[in-house]
Amino acid sequence: MLDLALFLFICFLLVAGLRRPYLWVLTYLYIDIIAPQKIGWTITPAFQVSLIAFCAAFAGWILVDPKRGSRFTLRQGLLLALLIYCGWTTISADFPEEAWFKWDWVWKTLVFAIFLPLALTTRLRIEAAALTMVLSAAAIIIATGMKTALGGGGYENLYFFVNNNSGLYESSTLATVAVAIIPLILWFTRHGTVFPPDWRVRAFAYALIFACLLVPVGTEARTGLVCLVVLALVSLRDVKRRLTFLVAGAMMVTVALPFLPQSYYERMELILGYKEDSSASTRIAVWKWTYDYALENPFGGGFDAFRGNRFAYHMPVKEETGDHTVSIEYREVVDEARAYHSAIFEMLGEQGWPGLTMWLWFQALGLWQMERLRRRWRARSDPAEQWQAPLASALQVAQIVYLVGSLFQGIAYQPFIMMLAGLQIALWVYCRRYESRLAVPAQVPVAQRRPRRGGNAVAAGAGALR
């Protein structure tokens, strides 16, 4: 029954797009985030719904959309250059079969991120895309929060809609995204127009934020805790009553601590005692190997080049003796084919120094553009000009949270984050276009006067005043 409902819902969106082709863009956002083809088991997986929506979104824009206001920006150019470069490294990859498998979804992610800003040319379209992304992610987040509240959490024990460790269904990625979209959810409680912010919208938004806060607890992802701390620190920038904010946050943490499971405390303790954690020790060893690999292969080894790594590191092993004394012995551990667990080293190992430079430039440009919009638009008094700065700030904070979380995860091409980047580009283009219209002085039509001809001079002058 669930499979049939998902299939009929997708069919409804595709049919509705015949009247409003922009809905096909939203349909692809929904499918790419929540992956209904993985949730269903008979009908939905039988059709390439993702590919159908992908092609429909492009076809609708090319054939029907008026394309007024569409602009190609430097950030889109960087993504295009990165796309071409990734294609070149894939052809000469160290592990061709695995590289082509990753390329199969990376190219679609990059192409859609380049295309998305071209379709988001109005406030309504930008807001509709952001709302679709938040609600699609909310479907997973709410389910995760409910399972956590009912005691079903735990590291690698919290099951989502599907038993799949990719996309938003990977625990650390979901924790990062859940924390990152909190500022965007708050933006809808103040500036949303699709659903005007009344008490119902605010109640749902606050409940969703609570579910977002439960995700790092339920998944027991250490990255989630780091992202929460970063979000709290960055939020101080826009908070009017900072002392009240800090006191309220401290009170919430104090109240929540007794309800956290012991396993959560044990996981978080490994942040400080990382040298005693095999996972953290492995990551550091992989990062060292990747740096040395990039020195020998400056153009990278293509997707999944980590499969060629092999390294040894020392791990402390505690042993208790009969007289209750503890001895620590360092043993050598040999490991191989371990993933990067960092977007920085993922780019460095797979695309080399050129790819890492393009990726960092793309991210830095996004932070700078959103900061510029936030400063230029925050003091405006016109009601039509008061939503841009808060949205720029929300998207910037989301990117900062992602960048911190990506230091410990290989999510350089994460589709949801690339969609957020598309929203940033669309907002940047919209604001620049809006300001350019204001800068153009109004053109006052000049009446055409007829040449005066004797006694008709008065009549000619009267005609000019009509």
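FYI, the numbering just counts along the sequence from 1.
Across every non-hydrogen atom of Leu29 and Met419, the tightest pair is CD2-SD, 3.5 Å. Ala205 approaches Thr189 most closely through the heavy-atom pair CB-CG2, 3.3 Å. Shown here for Ala175 and Val215, the closest heavy-atom pair between the two residues is CA-CG1, 3.7 Å. Listed here is the closest heavy atom pair of Ala412 and Met418: O-CE, 3.4 Å. Minimum heavy-atom separation, Ile34 to Ala139: CD1-CB, 3.5 Å. Of all non-hydrogen atoms in Ala93 and Gly302, the two that sit nearest each other are CB-CA, 4.0 Å.
Two residues are said to be in side-chain contact when any heavy atoms from C-beta on lie closer than 4.5 Å; Thr193 and Arg123 meet this criterion. Under the 4.5 Å side-chain criterion, counting only non-hydrogen atoms from C-beta, Leu231 is not in contact with Cys227. Looking at heavy atoms from C-beta onward, Ile31 lies in side-chain contact with Pro36 at the 4.5 angstrom threshold. With a 4.5 Å cut-off on side-chain heavy atoms, Leu118 and Gln76 count as touching. Looking at heavy atoms from C-beta onward, Leu225 lies out of side-chain contact with Pro216 at the 4.5 angstrom threshold. Under the 4.5 Å side-chain criterion, counting only non-hydrogen atoms from C-beta, Gln351 is in contact with Cys86.
By the neighbour-count criterion of 12 heavy atoms within 6.0 Å, atom CZ of Phe72 is densely surrounded, having more than that number from other residues, nucleotides or ligands. The environment of CZ in Phe299 is sparse: at most 12 heavy-atom neighbours from other residues, nucleotides or ligands sit within 6.0 Å. Within a 6.0 Å sphere centred on NZ of Lys67, heavy atoms belonging to other residues, nucleotides or ligands number more than 12. Heavy-atom neighbours of Trp361 CH2 from other residues, nucleotides or ligands within 6.0 Å: at or below the threshold of 12. For Gln48, the CD atom sits in a loose shell: 12 or fewer heavy atoms of surrounding residues, nucleotides or ligands are nearer than 6.0 Å.
Under the 3.5 Å distance criterion, the side-chain polar atoms of Glu350 are matched with a main-chain donor or acceptor of Asp304. Without hydrogens or angle criteria, Trp387 side chain to Arg190 main chain gives no donor-acceptor distance under 3.5 Å. A donor-acceptor contact shorter than 3.5 Å links the side chain of Gln409 to the backbone of Gly405. Here the side chain of Asp94 pairs no donor or acceptor atom with the backbone of Ala305 at under 3.5 angstrom. When atom types are taken as modelled, the side chain of Arg433 and the backbone of Thr121 share a donor-acceptor pair closer than 3.5 angstrom. Glu127 places a side-chain N or O within 3.5 Å of a backbone atom of Val194 that can act as its donor or acceptor partner. No donor-acceptor pair closer than 3.5 Å links the side chain of Ser393 to the backbone N or O of Pro390. Tyr402 places no side-chain N or O within donor-acceptor distance of the main-chain N or O of Thr176, the cut-off being under 3.5 Å. Side-chain atoms of Gln388 do not come within 3.5 Å of backbone N or O of Trp377 as any donor-acceptor pair. With hydrogens and angles ignored, the 3.5 Å screen pairs a side-chain donor or acceptor of Gln424 with a backbone N or O of Leu395.
To the nearest 0.5 Å, atom CG of residue Leu208 and atom CD1 of residue Ile181 are 6.0 Å apart. With values rounded to the nearest 0.5 angstrom, Trp88 atom CH2 is found 9.5 Å from Ile91 atom CD1. Atom CZ of residue Arg376 and atom CG of residue Leu373 lie 8.0 Å apart, to the nearest 0.5 angstrom. Remark: Arg374 CZ to Leu391 CG distance equals 13.0 Å, nearest 0.5 Å. Tyr430 contributes atom OH, which lies 7.0 Å from atom CD1 of Ile126 (distance to the nearest 0.5 angstrom). Atoms OG1 and CG, from Thr223 and Leu174 in turn, are 12.0 Å apart once rounded to the nearest 0.5 Å.
Ring geometry for Trp368 versus Trp428: interplanar angle of 30 to 60°, hence tilted. Using the six-membered ring where Trp is involved, Phe54 and Phe112 have ring planes that are tilted, between 30° and 60° apart. A perpendicular orientation is assigned to the rings of Trp103 and Trp100, their planes being inclined by more than 60° (bins at 30° and 60°). Between Trp287 and Phe408, the ring planes are tilted. Angles from 30° to 60° get that label.
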**Request:** With salt bridge (Lys or Arg N to Asp or Glu O under 4.0 Å) as the test, would you mind laying out the steps for Lys108 and Asp32 before giving the verdict?
**Result:** CA-CA 10 Å; Lys108 286 185 288 188; Asp32 201 41; over 6 Å; no
**Asked** Step by step, would you call Lys102 with Glu97 a salt bridge (Lys or Arg N to Asp or Glu O under 4.0 Å)?
**Response** CA-CA 9 Å; Lys102 185 172 180 177; Glu97 184 176 352; over 6 Å; no
**Steps toward salt bridge (Lys or Arg N to Asp or Glu O under 4.0 Å) verdict (Arg125, Asp65)** = CA-CA 12 Å; Arg125 290 190 173 193; Asp65 198 278; 2.7 Å; yes
**Request:** May I have the step-by-step check of salt bridge (Lys or Arg N to Asp or Glu O under 4.0 Å) for Asp382 and Arg380, ending in yes or no?
**Result:** CA-CA 6 Å; Asp382 191 331; Arg380 305 199 179 192; over 6 Å; no
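Among the candidates Met133, Gln399, Gln414, the single residue satisfying the side chain to side chain contact (heavy atoms under 4.5 Å, CB included) test with Leu420 is Met133. Among Phe345, Phe306, Phe303, Tyr293, the one residue that satisfies the ring-ring contact (aromatic ring centres under 6.0 Å, His included) test with Tyr340 is Phe306.
For the 3.5 Å distance criterion, the side chains of Thr44 and Gln37 fail to qualify, holding no donor opposite an acceptor. Residues Gln369 and Arg432 bring no donor and acceptor atom of their side chains to less than 3.5 Å of each other.
Cation-pi geometry between Arg75 and Phe362 is met: the NZ or CZ atom falls under 6.0 Å from the ring centre, inside 45° of the normal.
Outside the 6.0 Å centre-distance limit, the rings of Phe195 and Phe188 are not counted as a close aromatic pair.
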